[in-house]
Amino acid sequence: MAEVTYEHVTKRFAEDAPLAVDDFDLKVADQEFLVLVGPSGCGKSTTLRLLAGLEEITEGNIYIEDRLVNDVQAKDRDIAMVFQSYALYPHMSVFDNMAFGLTLRKIPKDEIRQRVNEAAEILGIAELLKRKPRALSGGQRQRVALGRAIVRKPSVFLFDEPLSNLDAKLRVQTRAEIIKLHQSLGTTFVYVTHDQTEAMTMATRIVVMDRGRIQQVGSPQELYERPQNMFVAGFIGSPAMNFFDVVVEGDGDDLQLRAVEGFAVPVPPEKRAELATYKRRKVVMGIRPENIHDNDFQPPNIRASLVDAQVDVTEMMGNEVNVYLLVGGHAFLARVDSRTTARPGQNIRAAFDIDRLHLFDPDTEQMIGLPAEVRASAPPAESS
Amino acid sequence: MIGRAWWIPWLWLAPTLALLGVFLVYPSVDTVRRSFLDERSREFVGFDNYQTIIDNPNSLAADTHAALLNNMLWLTVFTAVCVGLGLIMAVMTARVRYEAAAKAAIFVPMAISFVAVAVIWRFMYEVDPDVGTVNAIFSELGKDPVAWLNNTQSPQRPFVDLPPADSPAPFQVNNFALIAVGVWNWTGFTLVILSAGLKSIPDDVMEAARVDGAGEWQIFRRIILPIMSPTIVVVTTTLVIQTLKTFDLVFVMTNGRFKTDVVATLFYKEAFVFRDFGVGAALAVVLLLFVVPIMVLTIRRFQFQEEIR
């Protein structure tokens with residue numbers, strides 16, 4: 001149980017290398033489930049490893065609770081970490097793997113046995129304790145790795161892409177188990193993943209990173225509803241958001257967004273003020289696939305703008321159909337009701353839900369209408 | 001398999017079997033046979049040759065006891081020092097940026113033939129400080145030059161001032177001087193193999209241990225050593241077999257004089273210098289008897305690893 005504070009942390013691996021982590025400034029609250037998400041090479045793992053003590057900080061400070069840990073060795077930081085490859089000790093039995101950290105701390109044998117059995121019980125691996133890691137399946141190994149972390153009762157849990165090596169079904173199952181674990185342990189979790197679905201489902205707060213920098217910090221819902229820049233907009237949400245280059249045309253109530261492809265979409269009244277300075281200028285319009293409907297099966301109570309488009313490919317998902325559409329040579333994706341009659345080659349009328357439009361400045365790639373102070377200090381740290 | 005005659009596998013094996021038969025099985029069997037015959041391999045003498053080895057009647061010309069003891073010294077000291085040094089260097093070179101250069105430098109002696117190594121080190125050990133590098137260093141340190149290859153005194157003699165005294169065989173300065181050359185020559189081998197074994201331990205296993213609370217020494221003792229133990233066993237058995245076969249180094253550097261004989265140099269002398277094929281063959285058989293159990297252990301070990309893979 002602890003809070004973690006990153007104070008303007010920077011990591012550079014070599015003199016002439018670009019910054020792996022660039023001015024990471026964030027406070028992780030006690031008992032929070034924080035997920036760092038981003039594409040590979042964005043610095044999320046490095047950020048985690050800096051906290052673990054496996055990498056040295058180039059600049060800045062890291063505190064666990066009130067203790068400055070910059071120069072504290074990994075072994076003395078009271079953290080536990082689950083690795084992507086599980087990193088089990090191949091020569092030790094499952095029991096010894098889980099007990100290793102406790103033995104090093106000279107905890108009495110009886111207590112070790114009790115703690116390991118307890119954790120094994122929770123994770124359903126009690127009957128595997130005598131086996132060696134190589135005799136276990138991927139899912140079982142993952143559980144042992146989790147167990148090894150749990151028995152330590154650390155102040156912070158770190159996870160470095162722990163589900164990447166599991167198959168899809170097991171991943172969903174283990175995901176739910178980790179969420180449950182977080183609820184029952186009440187410890188601070190810091191979790192790294194490249195999978196935005198994992199981030200969305202597990203996190204109480206998400207940090208989106210790209211090229212070493214924090215792009216946005218917020219709850220899963222905030223990130224989904226109000227992405228602050230095009231990177232976050234494109235990264236969070238699956239399938240990814242569609243982007244159109246549009247020009248702001250008209251005036252007053254007739255303000256509309258005219259796409260390069262020809263079609264036009266009216267600007268909803270709440271967004272008109274924000275676009276005041278963008279008249280006759282280019283902006284980027286983003287709309288998520290789930291906010292584009294088949295006009296014949298439009299959900300009730302939406303303000304729709306209709307766009308004629310040609311169907312390129314359809315993917316039946318069961319509850320929905322992914323329809324790849326073309327308008328003026330620009331491809332985009334709609335996720336429509338499964339009753340749709342759209343077939344490849346046909347034209348359909350796509351209904352854009354204009355209340356769910358996201359508008360971005362094409363030069364800064366920032367959301368239009370973002371409060372100035374947020375824009376200035378891109379990552380809104382709670383500590384400041 | 002259907003439609004395949006029983007003899008087809010044997011056909012493929014035949015060339016190998018023929019080569020092994022001519023160059024391995026026949027000489028081995030014949031050596032055993034000759035070890036029971038007299039010096040010219042004419043008459044059956046039973047275990048007389050083996051009795052000769054045990055009784056050691058002619059301890060100046062051919063000291064069988066000293067040779068066996070020396071071989072034991074080689075086996076323990078040479079193997080332990082090579083493996084230990086190799087392990088330490090493998091762990092240490094893994095932490096420096098000039099790792100490749102350091103390993104190459106240590107491995108270079110492996111590329112030199114034993115005879116050349118022996119000649120080089122005869123110069124190194126030369127008594128005259130103007131020629132012998134080791135004695136040059138010694139005289140720089142203000143000590144008397146040492147006749148490294150002739151000195152049969154106890155090994156600490158060159159370093160501390162003790163009254164001259166012969167130590168019990170085989171603990172002699174010259175034996176250790178010879179073993180040092182072997183170590184110089186072979187540490188590169190153990191370093192390279194052990195370093196490869198070390199590299200095969202995933203980084204995150206060590207990182208996991210670090211996060212689990214292990215210090216560097218505990219990681220070495222509880223993670224690195226146990227995971228590397230199969231590699232260490234392979235290296236050790238290779239070295240043990242190597243020491244039992246030690247010949248060229250001793251042959252060139254001292255030719256077994258000053259009580260530095262090992263079993264291999266002695267059976268060469270018995271068979272081809274003293275022309276007693278009986279005793280020579282018996283010594284070879286003794287050597288074989290030492291090597292075989294180690295070979296069997298090694299092969300078993302490999303089979304075991306195949307099974308658990």
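Please read these numbers as outputs of a predicted model, since none were measured by experiment. In what follows, chains carry the letters A, B, and so on, assigned in the order in which the sequence lines appear, proteins first and then strands, with residues in each chain numbered from 1.
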Out of curiosity, [X] [atom1] to [Y] [atom2], how far, rounded to the nearest 0.5 Å?
X: B/Ile223; Y: A/His91; atom1: CD1; atom2: NE2; answer: 4.5 Å
X: A/Phe100; Y: B/Gln218; atom1: CZ; atom2: CD; answer: 7.0 Å
X: B/Ile227; Y: A/Met92; atom1: CD1; atom2: CE; answer: 7.5 Å
X: B/Met206; Y: A/Leu54; atom1: CE; atom2: CG; answer: 12.0 Å

Flag yes if more than 12 heavy atoms outside [X] fall under 6.0 Å of its [atom1] atom; otherwise flag no.
X: B/Met110; atom1: CE; result: yes
X: A/Asp167; atom1: CG; result: yes
X: B/Phe290; atom1: CZ; result: no
X: A/Gln173; atom1: CD; result: yes
X: B/Lys199; atom1: NZ; result: yes
X: B/Glu216; atom1: CD; result: yes
X: A/Glu59; atom1: CD; result: no

If we only count heavy atoms from C-beta on, is the A/Tyr89 to B/Asp212 side-chain gap below 4.5 Å?
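In contact.
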
Side-chain contact, heavy-atom cut-off 4.5 Å: A/Met81 with B/Glu207?
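They are not in contact (no side-chain heavy atoms under 4.5 Å apart), so the answer is no.
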
Sort A/Leu88 into side chain, backbone, both or neither according to what part of it lies under 4.5 angstrom from a heavy atom of chain B.
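For A/Leu88, the contact with chain B is made by the backbone alone.
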
Most heavy-atom pairs under 4.5 angstrom with chain B, which of A/Ala52, A/Ala80, A/Ser85?
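Highest number of pairs under 4.5 Å: A/Ser85.
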
Select, from A/Arg105, A/Gln84, A/Arg77, the one with the greatest count of heavy-atom pairs under 4.5 Å involving chain B.
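Highest number of heavy-atom pairs under 4.5 Å: A/Arg105.
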
Nearest heavy-atom neighbours spanning A/Arg148 and B/Ala208
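Looking at all heavy atoms of both residues, the shortest contact is NH2-CB, 3.5 Å.
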
Exercise: identify the closest heavy-atom pair between B/Val205 and A/Pro90:
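Here B/Val205 and A/Pro90 meet closest at CG1-CD, 4.4 Å.
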
